[in-house]
Amino acid sequence: MATLLYRLGRSCFRRRRLVFAGWLTLLAAVIAMSAAFGGPGRLDDEFSIPGSESQQALDVMGRAFPGAAGTSAQIVFTAPSGESVEAAPFKAAIDDTLARAARAPQVAGVTAPEATGTVSADGGVAVAQVGYRVSKNDLDAESLDALDATAAPARAAGLRVDLGGSAFGGGGAEPGAQDLIGVLVAVLVLAITFGSLLAAGMPLLTALAGVLAGVGGVLALTGVVGISSTALTLALMIGLAVGIDYALFILSRHRSHLAEGRSAEESAALAAGTAGSAVVFAGLTVIIAMAGLSVVGIPFLTVMGLCAALAVLAGVAVALTLLPALLGVAGARLVPKPGSRAAGRETAVAGPDTRAANLGERWVRLATAKPWLTTLAVLAALGALAWPVKDLNLALPDNGSAPAHSSQRAAYDTVSRTFGPGFNGPLVVLADTGDTASPKAAAAAVAKDLKGLDDVAAVAAPKVNASGAYAIVQLVPRGGPDAQTTKDLVTTIRDRAPGIAEETGARIRVTGQTAVSIDVSVQLASALVPFGAVVVGLSLVLLLIVFRSLVVPLKAAAGFLLSVAATFGATVSVFQNGHFAGLVGVDGSTPTASFLPVVVMAVLFGLAMDYEVFLVSRIHESYAHTRKPLHAIHMGARHSARVVTAAALIMVSVFAAFISSEGMILKQVAFALALGVLLDAFVVRMTLVPAVLALTGHAAWWLPARIARRLPDVDLEGARLNAPQPAAEHTDLAMTRH
């Protein structure tokens, strides 16, 4: 592979105009396709599992009860302190508002507070229900604006009006101004790393090209498949982060070769063959991990993983083709100036004199001075962070986790405080009454049976459709939508379904948005362990092939599990338990997004393998030459620690920039990824890995002969590249100026 990439790098360096033309053509085509076939307006933020009981029942409701199967909204009227919404002026204003709401776009019907029994005992609060003909994904933003406008009479009368319900929910968020924060930090880190604005600008330029290609491709597909705004933003985050990192690794190796005196062309080709091999491997692990989300069996998660994989693929492609072409344009201008700190870093050779060591090597020397103590300290620290993971509660964030200043959050809090948390997440029971003697009697019997269950706060009168084939019974649980009691209630109803069918003749299924969310969470939770086993198993196999060692893969897999556990524990501590929640803009406790664990595991797996490969490959390269384990660790750290540190800081800054998003799902994912990268890069890879390698010594690179003979030799470090340094360097340099 190294030889192939060496030739590719040299070819792109020489034929840079053709490379530029090809990428410009590709980007123009992607932008045109995005404008013609997709766009942000076609994003789908509904999460469901086709084939699940709740979704099947919801599909049947769409045919049997067209007005009840769409999304819904709440209009929450709050009277001034000490007054009642039933007072004549307020009652007239509410009636006027509801009459206008019934005529609003896409509205199927409006149910007054008196009909649903949602007028508080003191008359201070009343809640009306608005049903839409369409699902949330098909609901126009203008329709919600129009509904808000209908509240003008109530507001004019002095009532406070808040709008909520599932129509206003959603944890997704589209790309925004926060994207630029990560980019600005990346520029600063790159400038410090290279000591050159020209060198700093190249990874950024190539990464932006990759993001444009990847995200543009995702947008172009929105007209064909359902892609959520969270999937789009995840692709943007990962594409930007890995795009900068991959270019950073290749460019750093290129400058090292330039500092050694090699020509610009030879240096670019060697960098593509050596660091480029690591980039291909690292990118492949991220792509496989993200595409592996498809094994969970949930369509929206599959699409999310494939979108991120497409963004990573674009990042790898630009690093291997567009970057060498840009290096051809820069030519000898990237050579570190003699006597500069950059030149000193690139040409330094590790040795016993620690005065020549950079900060990264000094840290690694400290970690390896007492490796047993370092290992125990890291295990204790990560274990403490991981401890809260025992309280992990998976659910899809709802309006209870919306920003505190939003109307839907105010509506949610008012309803929960006044009527109970269950009113924000009612369950719908669909009864098949077509085979009963009296559909109405069967539906009434079902409602009576459900009303006697524990944790049921209220049961509405059943509704039978015109044909009598189906009936719906809405019940309100005592707990909130994400409460364990609500999840247990859904299980209880489903367990009682055979008995209810025997007694009443009606077959029942539990559905509604709360049930759909519970089904999604249950399936994701059940897939977590198998997916983790696949990811860890994959890391063992890949690293076994790359480093031809038993200790390195086992140590890498263990470190990955430690990073993931600590990340999940910290996420639970902040978002569920509320510790330091204000620092990330969270008001109160909120459950962990259902798909966060598998998404974070997939992303962190790829990134952990990135840092493992770039750090350990330099250590392995030094060990192959010197056969001195500890010396190899220090030398590898000297040549790779600075780059790994810069790459990790860029990743953290890009992800952390999205923590300011108002979408709770994106906020949680961004927090987990930023913290996960920070822990994995600095605590595991830069501290635990050197300590374990120091403990194992020569055994770290041992592999049984029988296994070694069966494994392919991928030559990650480019040992077979035997490209002599050109005698006439000025000829090559002259070529770079044309």
Side-chain angles (χ1 to χ4, degrees), residues 45-61 68-69 71-72 135-136 165-167 169-172 228 230 296-301 391-402 412 415-416 420-431 450 453-459 472-497 500 508-529 531 572 575-576 589-599 664-665 668:
D45 279 320
E46 285 197 308
F47 304 111
S48 63
I49 308 177
S52 65
E53 176 181 317
S54 56
Q55 189 60 46
Q56 287 179 340
L58 208 60
D59 295 339
V60 173
M61 282 180 56
T71 190
S72 63
S135 66
K136 178 185 171 184
S166 58
S228 66
T230 302
V296 177
I298 299 179
F300 74 80
L301 198 60
D391 301 323
L392 182 65
N393 176 28
L394 297 179
L396 289 177
D398 52 25
N399 288 338
S401 56
Y412 184 99
V415 169
S416 180
F423 277 83
N424 281 305
L427 299 173
V428 178
V429 175
L430 176 67
L450 296 175
L453 296 177
D454 293 336
D455 296 318
V456 173
V459 176
I472 55 174
V473 180
Q474 180 171 287
L475 62 88
V476 178
R478 295 189 186 279
D482 60 339
Q484 186 59 46
T485 55
T486 303
K487 299 175 185 178
D488 294 339
L489 179 60
V490 171
T491 302
T492 299
I493 296 173
R494 288 171 175 170
D495 290 342
R496 289 182 60 84
I500 292 176
I508 66 170
R509 286 175 284 185
V510 185
T511 186
Q513 292 303 316
T514 300
V516 169
S517 174
I518 290 173
D519 285 348
V520 170
S521 300
V522 168
Q523 183 157 340
L524 283 167
S526 64
L528 185 58
V529 173
F531 180 73
V572 169
F575 291 94
Q576 290 184 206
S589 174
T590 181
T592 302
S594 302
F595 52 82
L596 181 143
V598 290
V599 170
M664 184 56 62
I665 293 177
Q668 290 186 355

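Positions are given from 1 along the sequence.
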- Task: Return yes if some donor-acceptor pair links the side-chain N/O of Ser594 with the main-chain N/O of Val520 below 3.5 Å, else return no.
- Result: no

- Message: Any non-hydrogen side-chain atom of Leu301 less than 4.5 Å from a side-chain atom of Leu524?
- Response: yes

- Would you sort out whether Arg496 and Ile508 count as a side chain to side chain contact (heavy atoms under 4.5 Å, CB included), showing the intermediate values? CA-CA 9 Å; Arg496 289 182 60 84; Ile508 66 170; 5.9 Å; no

- Item | Shortest non-hydrogen separation from Thr71 to Ser166 and the atoms involved | OG1-OG, 3.0 Å

- Item | Chi angles and distances behind the side chain to side chain contact (heavy atoms under 4.5 Å, CB included) call for Val456, Leu450 | CA-CA 8 Å; Val456 173; Leu450 296 175; 5.8 Å; no

- Item | Derivation of the side chain to side chain contact (heavy atoms under 4.5 Å, CB included) call for Asp455 and Asp488 | CA-CA 9 Å; Asp455 296 318; Asp488 294 339; 5.7 Å; no

- Search all heavy atoms of Asn424 against all heavy atoms of Tyr412 and return the closest pair with its distance. ND2-O, 3.0 Å

- Message: Looking at Val429, is its backbone amide N or carbonyl O close enough to the side chain of Gln474 to form a donor-acceptor pair, meaning the two atoms are under 3.5 Å apart?
- Response: no

- Message: Would you say Ser54 and Thr511 are linked by a side-chain donor-acceptor pair, where the criterion is simply a distance under 3.5 Å?
- Response: no

- Query: Is there a side chain to side chain donor-acceptor pair (under 3.5 Å) between Thr592 and Gln576 once you walk through the steps?
  - Reply: CA-CA 7 Å; Thr592 302; Gln576 290 184 206; 2.7 Å; yes

- Heavy-atom nearest pair, Pro477 first then Leu427, reads CD-N, 4.3 Å

- Does Glu53 reach the main-chain N or O of Arg509 with its side chain, forming a donor-acceptor pair under 3.5 Å? no

- Query: Which heavy atom of Pro591 sits nearest a heavy atom of Asn393, and at what distance?
  - Reply: CB-O, 3.7 Å

- When you look at CG of Asp454, are more than 12 heavy atoms from neighbouring residues, nucleotides or ligands closer to it than 6.0 Å? no

- Side-chain donor/acceptor of Ser526 to backbone N/O of Val522, under 3.5 Å: yes

- Message: Using every non-hydrogen atom in the two residues, find where Asp482 and Lys487 come nearest and quote the distance to one decimal.
- Response: O-CE, 3.8 Å

- Message: Using 0.5 Å steps for rounding, measure from the CG atom of Leu596 to the CG atom of Leu394.
- Response: 8.5 Å

- Query: Do Asp519 and Arg494 sit within salt-bridge range, that is, some charged N less than 4.0 Å from a carboxylate O?
  - Reply: yes

- Item | Atom pair CG (Leu528) and CZ (Phe595), whose distance is rounded to the nearest 0.5 Å | 14.0 Å

- Side-chain donor or acceptor of Ser517 paired with backbone N/O of Thr514 under 3.5 Å: no

- Query: What closest approach, in Å, do Gly512 and Leu58 show between heavy atoms, and which atom pair accounts for it?
  - Reply: N-CD1, 4.2 Å

- Task: Walk me through it: do Leu453 and Leu475 pass the test side chain to side chain contact (heavy atoms under 4.5 Å, CB included)?
- Result: CA-CA 11 Å; Leu453 296 177; Leu475 62 88; 5.9 Å; no

